[in-house]
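Values below: every heavy atom of this structure, side chains too, minus hydrogens, waters and symmetry copies. Every chain is numbered from 1, with letters handed out A, B, ... down the list of sequences. Remember, predicted model here, so these are calculated numbers, not experimental data.
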Amino acid sequence: MKEKKIRNIFTEGAIPAQQIADDIQKHATQTQIGAHSIFLGQVRADRKDGGTVNAIEYTAYTEMALEKMAEIRETLFAKYALTCMHVFHSLGRVAVGEICLFVFVSSQHRKAAIDACEELVEAIKFQLPIWGKEILDNEDSTWKENK
Amino acid sequence: MKEKKIRNIFTEGAIPAQQIADDIQKHATQTQIGAHSIFLGQVRADRKDGGTVNAIEYTAYTEMALEKMAEIRETLFAKYALTCMHVFHSLGRVAVGEICLFVFVSSQHRKAAIDACEELVEAIKFQLPIWGKEILDNEDSTWKENK
Amino acid sequence: MQIELLFFGSLTDVTTVSRLIVENMTDTELVKAYLEERYPALRAAKYFMAVNQQMIQQVHTLQPGDVVAFMPPFSGG
Amino acid sequence: MQIELLFFGSLTDVTTVSRLIVENMTDTELVKAYLEERYPALRAAKYFMAVNQQMIQQVHTLQPGDVVAFMPPFSGG
(Lines give C-alpha, C1' and ligand atoms only; values in the text may rest on other atoms or scores of the structure.)
Protein backbone atom coordinates (compact mmCIF):
# COMPACT_ATOMS: atom_id res chain seq x y z
CA MET A 1 0.00 0.00 0.00
CA LYS A 2 1.37 3.41 -0.93
CA GLU A 3 0.83 5.97 1.76
CA LYS A 4 2.46 8.91 0.08
CA LYS A 5 0.23 11.79 -0.77
CA ILE A 6 -0.21 12.69 -4.43
CA ARG A 7 -0.26 16.46 -4.99
CA ASN A 8 -0.77 18.24 -8.24
CA ILE A 9 2.26 20.09 -9.64
CA PHE A 10 0.85 21.04 -13.05
CA THR A 11 -0.36 24.47 -14.10
CA GLU A 12 -1.91 25.24 -17.48
CA GLY A 13 0.36 27.72 -19.28
CA ALA A 14 3.00 29.97 -17.71
CA ILE A 15 3.48 30.41 -13.96
CA PRO A 16 2.74 34.06 -13.09
CA ALA A 17 5.44 35.98 -11.16
CA GLN A 18 2.63 37.11 -8.86
CA GLN A 19 2.06 33.54 -7.70
CA ILE A 20 5.68 33.39 -6.55
CA ALA A 21 5.21 36.53 -4.42
CA ASP A 22 1.96 35.16 -3.00
CA ASP A 23 3.57 31.83 -2.10
CA ILE A 24 6.49 33.58 -0.39
CA GLN A 25 4.08 35.82 1.52
CA LYS A 26 2.13 32.77 2.74
CA HIS A 27 5.26 31.46 4.45
CA ALA A 28 5.64 34.57 6.64
CA THR A 29 3.55 32.88 9.33
CA GLN A 30 5.94 29.91 9.51
CA THR A 31 8.39 31.49 11.87
CA GLN A 32 10.62 28.44 12.19
CA ILE A 33 11.73 28.99 8.57
CA GLY A 34 15.04 30.79 8.09
CA ALA A 35 15.80 30.09 4.43
CA HIS A 36 13.94 29.73 1.15
CA SER A 37 15.70 28.40 -1.92
CA ILE A 38 13.83 29.01 -5.16
CA PHE A 39 14.55 27.85 -8.69
CA LEU A 40 12.72 29.23 -11.72
CA GLY A 41 12.93 27.87 -15.23
CA GLN A 42 12.32 30.50 -17.92
CA VAL A 43 11.75 29.73 -21.62
CA ARG A 44 14.78 30.83 -23.63
CA ALA A 45 14.77 32.23 -27.18
CA ASP A 46 17.34 29.67 -28.36
CA ARG A 47 18.39 29.64 -32.00
CA LYS A 48 17.74 26.37 -33.76
CA ASP A 49 18.19 25.18 -37.32
CA GLY A 50 15.62 27.18 -39.21
CA GLY A 51 14.45 29.58 -36.54
CA THR A 52 14.33 30.89 -32.99
CA VAL A 53 12.30 29.39 -30.15
CA ASN A 54 9.05 31.31 -29.58
CA ALA A 55 7.47 29.02 -27.01
CA ILE A 56 7.66 25.57 -25.49
CA GLU A 57 4.65 23.30 -25.46
CA TYR A 58 4.74 20.91 -22.51
CA THR A 59 3.04 17.54 -22.28
CA ALA A 60 3.37 14.95 -19.54
CA TYR A 61 2.36 11.49 -18.45
CA THR A 62 0.67 13.26 -15.58
CA GLU A 63 -0.38 10.31 -13.38
CA MET A 64 3.10 8.83 -13.51
CA ALA A 65 4.74 12.25 -13.01
CA LEU A 66 2.68 12.96 -9.89
CA GLU A 67 3.37 9.50 -8.50
CA LYS A 68 7.11 9.92 -9.14
CA MET A 69 7.07 13.46 -7.71
CA ALA A 70 5.52 12.12 -4.48
CA GLU A 71 8.40 9.63 -4.24
CA ILE A 72 11.04 12.31 -4.85
CA ARG A 73 9.35 14.47 -2.23
CA GLU A 74 9.47 11.68 0.34
CA THR A 75 13.12 10.95 -0.40
CA LEU A 76 14.12 14.60 0.01
CA PHE A 77 12.14 15.07 3.22
CA ALA A 78 13.88 11.98 4.61
CA LYS A 79 17.32 13.24 3.55
CA TYR A 80 17.12 16.94 4.48
CA ALA A 81 15.65 18.87 7.42
CA LEU A 82 13.01 20.68 5.35
CA THR A 83 9.96 22.65 6.40
CA CYS A 84 8.17 22.88 3.02
CA MET A 85 8.60 21.94 -0.60
CA HIS A 86 6.43 23.21 -3.46
CA VAL A 87 6.77 22.41 -7.16
CA PHE A 88 4.85 23.92 -10.08
CA HIS A 89 5.43 22.87 -13.68
CA SER A 90 3.65 24.21 -16.73
CA LEU A 91 1.66 22.14 -19.20
CA GLY A 92 0.69 23.48 -22.61
CA ARG A 93 2.22 26.53 -24.21
CA VAL A 94 4.68 28.80 -22.41
CA ALA A 95 6.10 31.75 -24.37
CA VAL A 96 9.72 32.90 -24.37
CA GLY A 97 10.50 34.91 -21.21
CA GLU A 98 7.75 33.21 -19.21
CA ILE A 99 8.25 30.91 -16.22
CA CYS A 100 7.64 27.17 -16.81
CA LEU A 101 9.06 25.74 -13.55
CA PHE A 102 8.84 27.05 -10.00
CA VAL A 103 10.57 25.08 -7.25
CA PHE A 104 10.33 26.40 -3.70
CA VAL A 105 12.10 24.71 -0.77
CA SER A 106 12.18 26.06 2.80
CA SER A 107 14.11 25.06 5.90
CA GLN A 108 15.32 26.34 9.22
CA HIS A 109 18.96 26.66 8.13
CA ARG A 110 20.12 27.55 4.63
CA LYS A 111 22.12 24.46 3.72
CA ALA A 112 19.16 22.05 3.73
CA ALA A 113 17.02 24.30 1.51
CA ILE A 114 19.84 25.04 -0.94
CA ASP A 115 21.00 21.43 -1.31
CA ALA A 116 17.48 19.98 -1.53
CA CYS A 117 16.41 22.59 -4.08
CA GLU A 118 19.35 21.75 -6.34
CA GLU A 119 18.70 18.00 -6.04
CA LEU A 120 14.99 18.54 -6.66
CA VAL A 121 15.59 20.49 -9.87
CA GLU A 122 17.78 17.67 -11.21
CA ALA A 123 15.17 15.08 -10.23
CA ILE A 124 12.42 17.05 -11.98
CA LYS A 125 14.49 17.31 -15.16
CA PHE A 126 15.58 13.69 -15.31
CA GLN A 127 12.94 11.66 -13.49
CA LEU A 128 9.58 13.22 -14.33
CA PRO A 129 7.91 12.09 -17.59
CA ILE A 130 7.46 15.57 -19.07
CA TRP A 131 8.33 16.64 -22.60
CA GLY A 132 8.90 20.05 -24.12
CA LYS A 133 8.32 20.78 -27.78
CA GLU A 134 10.06 23.95 -28.90
CA ILE A 135 7.91 25.99 -31.25
CA LEU A 136 10.02 28.09 -33.60
CA ASP A 137 9.13 31.47 -35.08
CA ASN A 138 8.76 29.84 -38.50
CA GLU A 139 6.17 27.47 -36.92
CA ASP A 140 8.49 24.49 -37.24
CA SER A 141 9.08 22.61 -34.02
CA THR A 142 11.79 20.54 -32.43
CA TRP A 143 11.77 18.33 -29.33
CA LYS A 144 13.67 19.80 -26.42
CA GLU A 145 16.53 17.79 -24.89
CA ASN A 146 17.70 18.14 -21.30
CA LYS A 147 21.38 18.36 -20.46
CA MET B 1 42.37 52.46 -9.81
CA LYS B 2 39.27 50.52 -9.02
CA GLU B 3 36.94 50.23 -11.95
CA LYS B 4 34.25 48.10 -10.39
CA LYS B 5 30.84 49.65 -10.05
CA ILE B 6 29.47 50.22 -6.56
CA ARG B 7 25.75 49.41 -6.34
CA ASN B 8 23.55 49.77 -3.32
CA ILE B 9 22.32 46.52 -1.77
CA PHE B 10 20.69 47.94 1.37
CA THR B 11 16.98 48.37 1.97
CA GLU B 12 15.50 49.98 5.08
CA GLY B 13 13.43 47.34 6.90
CA ALA B 14 12.05 44.10 5.45
CA ILE B 15 12.14 43.19 1.75
CA PRO B 16 8.52 42.96 0.49
CA ALA B 17 7.51 39.73 -1.30
CA GLN B 18 6.02 41.97 -3.97
CA GLN B 19 9.47 43.29 -4.87
CA ILE B 20 10.57 39.74 -5.60
CA ALA B 21 7.68 39.25 -8.03
CA ASP B 22 8.39 42.60 -9.68
CA ASP B 23 12.08 41.76 -10.10
CA ILE B 24 11.25 38.37 -11.63
CA GLN B 25 8.75 40.00 -13.98
CA LYS B 26 11.38 42.52 -15.13
CA HIS B 27 13.55 39.66 -16.38
CA ALA B 28 10.87 38.36 -18.78
CA THR B 29 12.32 40.55 -21.52
CA GLN B 30 15.77 38.96 -21.18
CA THR B 31 15.05 36.00 -23.38
CA GLN B 32 18.56 34.54 -23.18
CA ILE B 33 17.87 33.65 -19.52
CA GLY B 34 16.85 30.05 -18.84
CA ALA B 35 17.31 29.81 -15.07
CA HIS B 36 16.87 31.97 -12.00
CA SER B 37 18.23 30.85 -8.65
CA ILE B 38 16.85 32.79 -5.70
CA PHE B 39 17.75 32.69 -2.03
CA LEU B 40 15.66 34.37 0.64
CA GLY B 41 16.62 34.79 4.28
CA GLN B 42 13.67 34.99 6.64
CA VAL B 43 13.87 36.04 10.30
CA ARG B 44 13.28 33.01 12.54
CA ALA B 45 11.54 33.00 15.94
CA ASP B 46 14.48 31.23 17.61
CA ARG B 47 14.35 30.55 21.33
CA LYS B 48 17.19 32.10 23.28
CA ASP B 49 18.03 32.25 26.97
CA GLY B 50 15.30 34.43 28.39
CA GLY B 51 13.01 34.75 25.39
CA THR B 52 12.10 34.25 21.76
CA VAL B 53 13.39 36.33 18.85
CA ASN B 54 10.85 38.95 17.77
CA ALA B 55 12.98 40.82 15.24
CA ILE B 56 16.52 41.34 14.04
CA GLU B 57 18.03 44.80 13.88
CA TYR B 58 20.70 45.02 11.19
CA THR B 59 23.57 47.46 11.07
CA ALA B 60 26.47 47.52 8.61
CA TYR B 61 29.67 49.25 7.72
CA THR B 62 27.90 50.21 4.54
CA GLU B 63 30.74 51.75 2.49
CA MET B 64 32.97 48.74 3.13
CA ALA B 65 30.10 46.29 2.53
CA LEU B 66 29.29 47.84 -0.86
CA GLU B 67 32.93 47.89 -1.85
CA LYS B 68 33.32 44.22 -0.85
CA MET B 69 30.06 43.29 -2.57
CA ALA B 70 31.34 44.82 -5.81
CA GLU B 71 34.44 42.63 -5.53
CA ILE B 72 32.38 39.49 -4.87
CA ARG B 73 30.19 40.35 -7.83
CA GLU B 74 33.20 40.71 -10.13
CA THR B 75 34.65 37.43 -8.93
CA LEU B 76 31.40 35.53 -9.54
CA PHE B 77 30.85 37.05 -12.98
CA ALA B 78 34.39 35.99 -13.90
CA LYS B 79 33.84 32.46 -12.58
CA TYR B 80 30.32 31.68 -13.84
CA ALA B 81 28.43 32.39 -17.08
CA LEU B 82 25.86 34.68 -15.48
CA THR B 83 23.36 37.05 -17.02
CA CYS B 84 22.35 39.02 -13.90
CA MET B 85 22.97 39.15 -10.17
CA HIS B 86 20.93 41.17 -7.69
CA VAL B 87 21.38 41.37 -3.92
CA PHE B 88 19.16 43.12 -1.38
CA HIS B 89 19.92 43.12 2.34
CA SER B 90 17.87 44.78 5.05
CA LEU B 91 19.13 47.42 7.45
CA GLY B 92 17.24 48.33 10.60
CA ARG B 93 14.47 46.26 12.10
CA VAL B 94 13.05 43.16 10.39
CA ALA B 95 10.32 41.26 12.23
CA VAL B 96 10.04 37.48 12.53
CA GLY B 97 8.61 35.97 9.32
CA GLU B 98 9.85 38.87 7.18
CA ILE B 99 12.52 38.68 4.49
CA CYS B 100 15.93 40.22 5.32
CA LEU B 101 17.99 38.92 2.37
CA PHE B 102 17.06 38.50 -1.29
CA VAL B 103 19.67 37.06 -3.65
CA PHE B 104 18.72 36.67 -7.31
CA VAL B 105 21.08 35.11 -9.86
CA SER B 106 20.19 34.40 -13.51
CA SER B 107 21.94 32.51 -16.27
CA GLN B 108 21.35 30.74 -19.54
CA HIS B 109 21.75 27.25 -18.10
CA ARG B 110 20.79 26.23 -14.58
CA LYS B 111 24.13 25.11 -13.19
CA ALA B 112 25.77 28.54 -13.30
CA ALA B 113 22.86 30.27 -11.55
CA ILE B 114 22.53 27.57 -8.87
CA ASP B 115 26.25 27.36 -8.06
CA ALA B 116 26.81 31.12 -8.13
CA CYS B 117 23.77 31.75 -5.93
CA GLU B 118 25.01 29.32 -3.30
CA GLU B 119 28.51 30.80 -3.35
CA LEU B 120 27.09 34.32 -3.18
CA VAL B 121 24.97 33.56 -0.10
CA GLU B 122 28.06 32.22 1.70
CA ALA B 123 30.07 35.28 0.67
CA ILE B 124 27.34 37.62 1.93
CA LYS B 125 27.20 35.84 5.29
CA PHE B 126 30.95 35.67 5.88
CA GLN B 127 32.52 38.55 3.95
CA LEU B 128 30.14 41.49 4.29
CA PRO B 129 30.48 43.66 7.41
CA ILE B 130 26.86 43.38 8.53
CA TRP B 131 25.63 42.59 12.03
CA GLY B 132 22.31 41.34 13.30
CA LYS B 133 21.05 42.05 16.80
CA GLU B 134 18.29 39.69 17.83
CA ILE B 135 15.56 41.49 19.74
CA LEU B 136 13.74 39.14 22.12
CA ASP B 137 10.12 39.31 23.19
CA ASN B 138 11.22 40.37 26.68
CA GLU B 139 13.07 43.31 25.02
CA ASP B 140 16.46 41.79 25.85
CA SER B 141 18.78 41.43 22.92
CA THR B 142 21.60 39.17 21.81
CA TRP B 143 24.06 39.46 18.94
CA LYS B 144 23.41 37.02 16.12
CA GLU B 145 26.17 34.60 15.10
CA ASN B 146 26.50 33.08 11.64
CA LYS B 147 27.22 29.39 11.21
CA MET C 1 -7.15 -9.55 -23.04
CA GLN C 2 -6.66 -5.86 -23.73
CA ILE C 3 -3.49 -3.85 -23.17
CA GLU C 4 -3.43 -0.06 -23.35
CA LEU C 5 -0.42 1.57 -25.04
CA LEU C 6 0.49 5.21 -24.44
CA PHE C 7 2.94 7.28 -26.53
CA PHE C 8 4.57 10.48 -25.44
CA GLY C 9 6.75 13.32 -26.73
CA SER C 10 8.54 12.77 -30.04
CA LEU C 11 7.17 9.21 -30.27
CA THR C 12 3.76 10.64 -31.15
CA ASP C 13 5.39 12.10 -34.30
CA VAL C 14 6.04 8.45 -35.28
CA THR C 15 2.79 6.85 -34.13
CA THR C 16 0.54 9.89 -34.84
CA VAL C 17 -1.66 8.65 -31.99
CA SER C 18 -1.09 8.95 -28.26
CA ARG C 19 -3.08 5.84 -27.32
CA LEU C 20 -3.67 2.37 -28.79
CA ILE C 21 -5.49 -0.69 -27.48
CA VAL C 22 -3.98 -4.04 -28.47
CA GLU C 23 -5.27 -7.56 -27.90
CA ASN C 24 -3.58 -10.76 -26.80
CA MET C 25 -0.08 -9.56 -26.12
CA THR C 26 1.30 -11.42 -23.14
CA ASP C 27 4.58 -9.56 -22.70
CA THR C 28 6.27 -6.29 -23.55
CA GLU C 29 8.55 -7.93 -26.14
CA LEU C 30 5.51 -8.86 -28.22
CA VAL C 31 4.17 -5.32 -27.96
CA LYS C 32 7.53 -3.90 -29.06
CA ALA C 33 7.77 -6.27 -32.04
CA TYR C 34 4.23 -5.40 -33.09
CA LEU C 35 4.88 -1.65 -32.87
CA GLU C 36 8.21 -1.78 -34.69
CA GLU C 37 6.50 -3.67 -37.47
CA ARG C 38 3.69 -1.15 -37.64
CA TYR C 39 5.94 1.93 -37.19
CA PRO C 40 9.41 1.09 -38.55
CA ALA C 41 10.77 4.52 -37.46
CA LEU C 42 10.40 3.33 -33.86
CA ARG C 43 13.41 1.03 -34.32
CA ALA C 44 15.71 4.06 -34.48
CA ALA C 45 14.00 5.90 -31.66
CA LYS C 46 15.38 6.07 -28.14
CA TYR C 47 12.70 5.37 -25.57
CA PHE C 48 11.92 3.95 -22.16
CA MET C 49 8.97 1.76 -21.25
CA ALA C 50 6.81 1.77 -18.15
CA VAL C 51 4.18 -0.78 -17.17
CA ASN C 52 1.49 0.71 -14.95
CA GLN C 53 3.72 3.74 -14.36
CA GLN C 54 6.73 1.67 -13.23
CA MET C 55 9.79 1.89 -15.45
CA ILE C 56 10.90 -1.53 -16.72
CA GLN C 57 14.41 -2.52 -17.74
CA GLN C 58 13.65 -5.92 -19.28
CA VAL C 59 10.83 -8.03 -20.70
CA HIS C 60 7.74 -7.82 -18.55
CA THR C 61 4.76 -10.19 -18.52
CA LEU C 62 1.46 -8.40 -19.11
CA GLN C 63 -1.92 -8.82 -17.44
CA PRO C 64 -5.28 -7.77 -18.90
CA GLY C 65 -5.78 -4.07 -18.33
CA ASP C 66 -2.07 -3.25 -18.04
CA VAL C 67 -0.95 0.13 -19.36
CA VAL C 68 2.34 0.22 -21.26
CA ALA C 69 3.86 3.67 -21.79
CA PHE C 70 6.50 4.48 -24.43
CA MET C 71 8.51 7.49 -23.43
CA PRO C 72 11.43 9.29 -25.09
CA PRO C 73 14.06 10.93 -22.79
CA PHE C 74 12.36 13.42 -20.49
CA SER C 75 12.72 17.12 -21.16
CA GLY C 76 10.71 18.90 -18.51
CA GLY C 77 11.80 22.03 -16.67
CA MET D 1 47.28 63.96 13.04
CA GLN D 2 43.76 62.66 13.47
CA ILE D 3 42.63 59.07 13.08
CA GLU D 4 38.96 58.10 12.93
CA LEU D 5 37.89 54.94 14.78
CA LEU D 6 34.64 53.11 13.99
CA PHE D 7 33.00 50.43 16.14
CA PHE D 8 30.37 47.97 14.96
CA GLY D 9 28.02 45.31 16.24
CA SER D 10 28.59 43.99 19.75
CA LEU D 11 31.69 46.21 20.16
CA THR D 12 29.43 49.22 20.51
CA ASP D 13 28.05 47.59 23.69
CA VAL D 14 31.61 47.93 25.05
CA THR D 15 32.53 51.36 23.70
CA THR D 16 29.00 52.85 23.89
CA VAL D 17 30.00 55.02 20.91
CA SER D 18 30.28 54.07 17.26
CA ARG D 19 32.91 56.66 16.38
CA LEU D 20 35.95 58.20 18.07
CA ILE D 21 38.63 60.60 16.86
CA VAL D 22 42.10 60.04 18.28
CA GLU D 23 45.27 62.08 17.88
CA ASN D 24 48.89 61.15 17.27
CA MET D 25 48.64 57.41 16.89
CA THR D 26 51.07 56.27 14.25
CA ASP D 27 50.10 52.61 14.00
CA THR D 28 47.22 50.25 14.76
CA GLU D 29 49.04 48.68 17.73
CA LEU D 30 49.01 52.02 19.54
CA VAL D 31 45.30 52.42 18.80
CA LYS D 32 44.58 48.94 20.15
CA ALA D 33 46.60 49.53 23.32
CA TYR D 34 44.81 52.84 23.90
CA LEU D 35 41.38 51.28 23.43
CA GLU D 36 42.06 48.25 25.62
CA GLU D 37 43.21 50.61 28.35
CA ARG D 38 40.08 52.72 27.98
CA TYR D 39 37.69 49.76 27.51
CA PRO D 40 39.14 46.72 29.32
CA ALA D 41 36.29 44.51 28.08
CA LEU D 42 37.75 44.84 24.57
CA ARG D 43 40.60 42.52 25.57
CA ALA D 44 38.22 39.58 25.72
CA ALA D 45 36.33 40.54 22.55
CA LYS D 46 36.89 38.85 19.22
CA TYR D 47 37.21 41.39 16.45
CA PHE D 48 38.79 42.18 13.09
CA MET D 49 40.31 45.48 12.08
CA ALA D 50 40.14 47.30 8.77
CA VAL D 51 42.10 50.39 7.72
CA ASN D 52 40.30 52.43 5.09
CA GLN D 53 37.97 49.48 4.46
CA GLN D 54 40.79 46.99 3.88
CA MET D 55 41.03 44.16 6.41
CA ILE D 56 44.45 44.06 8.09
CA GLN D 57 46.12 40.98 9.56
CA GLN D 58 49.04 42.68 11.30
CA VAL D 59 50.26 46.03 12.59
CA HIS D 60 49.59 48.77 10.10
CA THR D 61 51.20 52.23 9.96
CA LEU D 62 48.64 55.02 10.01
CA GLN D 63 48.46 58.23 8.00
CA PRO D 64 46.50 61.35 8.99
CA GLY D 65 42.85 60.91 8.06
CA ASP D 66 42.93 57.09 8.10
CA VAL D 67 39.78 55.31 9.24
CA VAL D 68 40.24 52.27 11.47
CA ALA D 69 37.21 50.01 11.87
CA PHE D 70 36.76 47.49 14.69
CA MET D 71 34.41 44.72 13.66
CA PRO D 72 33.16 41.61 15.47
CA PRO D 73 32.47 38.48 13.36
CA PHE D 74 29.93 39.31 10.67
CA SER D 75 26.36 38.12 11.05
CA GLY D 76 24.44 39.39 8.03
CA GLY D 77 21.90 37.41 6.08
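Here the side chain of B/R93 pairs no donor or acceptor atom with the backbone of B/A55 at under 3.5 angstrom. The backbone N or O of B/G132 lies less than 3.5 Å from a partner atom in the side chain of D/S75, making a donor-acceptor pair. B/E98 contributes a side-chain N or O that, together with a main-chain N or O of B/A95, makes up a donor-acceptor pair within less than 3.5 Å. Of the possible polar contacts, none joining the D/D27 side chain to the D/H60 backbone as a donor-acceptor pair under 3.5 Å is found.
Taking the six-membered ring where the residue is Trp, D/F8 and B/W131 present parallel rings, their angle staying beneath 30° rather than reaching 60°.
For chain D, the nearby part of B/K133 is the side chain; its heavy atoms alone come within less than 4.5 Å. Both the backbone and the side chain of B/E63 come within contact range of chain D, judged by heavy atoms closer than 4.5 Å. Interface remark: B/A60 contributes backbone atoms only to the contact with chain D (heavy atom separation under 4.5 Å). Heavy atoms of B/Y61 lying under 4.5 Å from chain D belong to its backbone as well as its side chain. Heavy atoms of B/I130 lying under 4.5 Å from chain D belong to its backbone as well as its side chain.
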